[in-house]
2 protein chains.
Amino acid sequence: MDQEILLQHISKEDSNESPAGRRFRQLHEEIRSRISLLDYPPGMRLSEEALAEEFGVSRTPLRRVLWQLQAEGLLKSVQGVGTLVTDIDMAALYHVYQLRMELSPLLARLSPRKVTPDDIARFDMLYANCLALVDDPSARGYSIINIATFHALADMTTNEPLRDTMERLFYQTARIWLKSLTDQDVRRECKSLSREIRDYRDAVRLGDLDALGHIWRAHTSSSMTRLQQKAT
Amino acid sequence: MDQEILLQHISKEDSNESPAGRRFRQLHEEIRSRISLLDYPPGMRLSEEALAEEFGVSRTPLRRVLWQLQAEGLLKSVQGVGTLVTDIDMAALYHVYQLRMELSPLLARLSPRKVTPDDIARFDMLYANCLALVDDPSARGYSIINIATFHALADMTTNEPLRDTMERLFYQTARIWLKSLTDQDVRRECKSLSREIRDYRDAVRLGDLDALGHIWRAHTSSSMTRLQQKAT
DNA sequence: GTTGCGCATGATGTGTACAACATAAGCTGC
DNA sequence: GCAGCTTATGTTGTACACATCATGCGCAAC
């Protein structure tokens with residue numbers, strides 16, 4: 001399957017965005033995707049020069065992107081060594097998940113949008129993609145749909161600080177699932193994700209954002225619990 | 001009065017921090033302070049070259065700081081024009097305050113610290129400073145103590161993502177109070193702040209972080225309400 | 001007097017050369 | 001053979017020159 005298209009144009013472009021701003025946003029989105037999908041796994045050493053050459057820019061604008069990703073906790077630059085993809089320890093993971101669980105229900109309480117037919121179509125499409133994934137499971141496909149689902153959920157609030165905060169936290173933990181999953185794990189997780197998205201779709205169809213937020217919280221909690229069980 | 005000392009060493013230095021990292025942190029903290037205290041008021045145009053010269057560095061490391069502040073919503077760079085200090089509209093302000101009100105009570109629920117004698121001493125000192133401020137009110141002194149109080153509160157949780165999120169949101173709105181305050185307003189607000197800090201101090205003395213979080217939420221809510229009333 | 005063009009000016013954006021630094025390989029002395 | 005120093009190599013950090021762009025002033029045409 002080719003789910004990559006689901007991750008295109010995640011970040012919205014501003015109407016009066018400068019060329020530099022557009023390039024920054026696109027590079028940031030691309031490299032963040034690569035980190036989240038483990039194309040750049042934790043511990044990997046990136047080269048500014050190699051990346052700059054790949055994207056056809058000089059080091060200067062690329063470094064701005066890497067600094068942003070460093071501020072988001074995904075990279076760490078060390079002089080004389082390189083730019084390293086960060087790992088995350090269980091304590092930090094737990095802190096992030098705890099906060100995410102508190103933020104999820106706010107989706108319906110802080111400036112929610114009205115559910116539109118486009119929203120329903122969006123979750124229908126996600127569910128269809130996930131059903132196809134169940135027939136042909138892959139760790140990469142799982143992650144792509146997981147990320148796309150997050151953005152569909154976060155887009156239900158118009159509270160930008162809330163959305164930005166949830167996005168930052170999500171990407172800090174998004175790549176953890178992929179690490180150390182056996183083929184059997186992947187099959188099970190794909191099925192679990194399809195049930196999760198079905199729940200979201202049903203809540204969206206009902207226009208019940210409060211339910212949506214709490215279902216999200218429940219699934220986030222479940223993910224955290226299973227991660228802890230795997231760790232022991 | 002000279003309360004400036006309260007804002008020194010707000011950000012903690014990492015043990016194995018590189019010289020570049022230390023310089024970045026210090027410059028970021030200094031410029032953020034200037035924006036929050038309205039030394040750089042909204043709409044003001046900064047010059048990268050002038051700032052670089054003042055701090056004795058080249059444009060390159062300074063630009064990293066300005067980009068970070070841009071990501072935090074405090075600055076906006078426009079090619080051919082300059083680096084502008086942002087303003088904030090009521091809608092965005094409302095969104096930030098709504099989220100801050102939800103996060104405050106989490107202080108006690110997500111990985112709180114045990115209250116130490118140092119914590120009590122810290123709030124005692126803040127209260128003493130604020131009482132002195134009431135005798136000699138000033139908008140700048142008010143802001144400094146307000147910022148220092150925020151950091152004292154945020155330091156009560158060990159959940160770093162929560163602390164970072166609250167800090168980001170706080171600084172997005174910290175400078176709003178100072179705008180358009182008459183001398184009479186300043187006197188009243190200083191008194192109000194002293195009562196607020198007294199409440200915090202009492203809760204800390206009791207070791208009751210849950211009360212501390214909810215008192216914080218109440219005062220945040222009160223601030224928002226008064227801001228809205230001023231706007232109309 | 002007014003309008004519109006053109007240029008000077010100063011700002012941020014980009015590219016590049018070099019400095020500072022960490023690492024590993026190799027070499028030398030023992 | 002091995003320890004320790006040296007050096008080669010590759011990396012990020014810094015400085016600077018130049019490109020690109022927005023703005024306002026001056027001047028000329030009308």
Side-chain angles (χ1 to χ4, degrees), chain A residues 11 13-31 34-35 40-87, chain B residues 11 13-31 34-35 40-87:
Chain A
S11 59
E13 64 179 298
D14 203 342
S15 55
N16 50 358
E17 192 178 34
S18 68
R22 167 192 253 76
R23 185 158 74 175
F24 168 78
R25 185 173 48 77
Q26 291 173 340
L27 286 179
H28 175 265
E29 192 174 321
E30 172 63 26
I31 298 178
R34 294 185 183 183
I35 295 172
Y40 300 153
M44 180 172 178
R45 223 178 57 195
L46 306 180
S47 162
E48 296 180 352
E49 200 162 1
L51 280 174
E53 190 183 10
E54 176 188 346
F55 292 114
V57 297
S58 78
R59 278 180 63 206
T60 309
L62 181 83
R63 287 183 59 133
R64 180 180 174 182
V65 175
L66 299 185
W67 283 332
Q68 176 63 32
L69 290 166
Q70 179 168 354
E72 294 168 7
L74 303 183
L75 293 178
K76 179 172 180 58
S77 295
V78 183
Q79 181 174 180
V81 178
T83 301
L84 308 172
V85 180
T86 58
D87 207 343
Chain B
S11 60
E13 64 180 297
D14 203 342
S15 55
N16 51 357
E17 190 177 35
S18 69
R22 168 192 253 75
R23 186 159 73 173
F24 169 79
R25 184 174 48 77
Q26 291 173 340
L27 286 180
H28 175 266
E29 191 173 322
E30 172 62 26
I31 297 178
R34 295 184 183 183
I35 295 172
Y40 300 154
M44 181 172 177
R45 226 177 55 195
L46 306 180
S47 163
E48 296 180 351
E49 200 161 1
L51 280 174
E53 190 183 9
E54 176 189 346
F55 292 115
V57 297
S58 77
R59 279 181 60 205
T60 309
L62 180 83
R63 282 177 58 104
R64 179 179 175 184
V65 175
L66 298 185
W67 283 332
Q68 176 63 31
L69 290 166
Q70 179 167 352
E72 294 168 7
L74 303 183
L75 292 179
K76 179 170 181 58
S77 295
V78 182
Q79 181 175 177
V81 178
T83 302
L84 307 172
V85 179
T86 57
D87 207 343

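In this text, all values refer to a predicted model and were calculated from it rather than measured experimentally.
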Undergrad: Roughly how many Å is it from CZ in A/Arg59 to C1' in C/dG13, rounded to a whole number?
TA: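 Taking atom C1' of C/dG13 as the reference, CZ of A/Arg59 is at 16 Å.
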
Undergrad: Between P on C/dT23 and CG on A/Leu84, what's the gap in Å once rounded to a whole number?
TA: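 Nearest whole value for this atom pair: 10 Å.
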
Undergrad: Could you list the residues that satisfy salt bridge (Lys or Arg N to Asp or Glu O under 4.0 Å) with A/Glu30, not counting sequence neighbours?
TA: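 For A/Glu30, the residues satisfying salt bridge (Lys or Arg N to Asp or Glu O under 4.0 Å) (neighbours in sequence not counted) are A/Arg34.
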
Undergrad: Taking atom CD as the centre, does A/Glu53 end up with more than 12 heavy-atom neighbours from other residues, nucleotides or ligands that are less than 6.0 angstrom away?
TA: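 12 or below, so no.
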
Undergrad: Is it true that a side-chain atom of A/Gln68 and a backbone atom of A/His28 form a donor plus acceptor pair closer than 3.5 Å?
TA: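 Checked: no pair found.
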
Undergrad: Evaluate the side chain to side chain contact (heavy atoms under 4.5 Å, CB included) criterion for residues B/Leu62 and B/Ile31: first the C-alpha distance (whole Å), next the side-chain angles of each, then the deciding distance (0.1 Å), finally the verdict.
TA: CA-CA 10 Å; B/Leu62 180 83; B/Ile31 297 178; 4.2 Å; yes

Undergrad: What is the distance, to the nearest angstrom, from the CG atom on A/Leu66 to the P atom on D/dG13?
TA: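 Whole-Å distance recorded here is 10 Å.
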
Undergrad: For DNA chain D, whose closest nucleotide is more 5', that of A/Thr83 or that of A/Thr60?
TA: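 In this pair, the answer is A/Thr83.
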
Undergrad: NA contact type, A/Leu46, heavy-atom cut-off 4.0 Å: base, sugar-phosphate, or nothing?
TA: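 Sugar-phosphate only.
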
Undergrad: Report yes if the side chains of A/Arg22 and A/Arg25 come closer than 4.5 Å at any heavy-atom pair, otherwise no.
TA: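 A side-chain contact exists here, since the closest heavy-atom pair is under 4.5 Å.
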
Undergrad: Distance check needed: C/dG15 P versus A/Arg64 CZ, whole Å only.
TA: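 Going from CZ in A/Arg64 over to P in C/dG15 covers 14 Å.
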
Undergrad: Let me know the distance between CD of A/Gln79 and C1' of C/dA19, rounded to the nearest Å.
TA: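 My rounded result for the distance is 9 Å.
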
Undergrad: Please name the pair of heavy atoms, one in A/Leu74 and one in A/Ile35, separated by the smallest distance, quoted to 0.1 Å.
TA: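 Between these two residues, the closest heavy atoms are CB-CD1, 4.1 Å.
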
Undergrad: I need the CD-P distance between A/Glu48 and D/dT14, as an integer number of Å.
TA: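 So the two atoms are 11 Å apart, to the nearest Å.
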
Undergrad: Any idea which of D/dG13, C/dT12, C/dT16 is nearest the A/Ser58 side chain?
TA: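 Taking heavy atoms from C-beta onward, the closest nucleotide is C/dT16.
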
Undergrad: Check each residue of residues 18-27 of chain A for a non-hydrogen atom within less than 4.0 Å of any atom in DNA chain C, then write out the ones that pass by number, or none.
TA: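 The answer is A/Ala20, A/Arg23.
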
Undergrad: With distance as the sole test, does A/Thr83 use its side chain to make a donor-acceptor pair with the main-chain N or O of A/Ser47 at under 3.5 Å?
TA: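 Side chain of A/Thr83 to backbone of A/Ser47: no pair is present.
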
Undergrad: Measure CZ/A/Arg63 against P/C/dT16 and give the value in whole Å, please.
TA: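 Interatomic distance, CZ of A/Arg63 to P of C/dT16: 15 Å.
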
Undergrad: Would you mind telling me which residue lines up with the more 5' stretch of DNA chain C, B/Gly80 or A/Gly80, judged by nearest nucleotide?
TA: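 Here B/Gly80 is the residue nearer the 5' end.
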
Undergrad: Rounding to a whole Å, what distance do you find between B/Trp67:CH2 and C/dG13:C1'?
TA: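 So the two atoms are 8 Å apart, to the nearest Å.
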
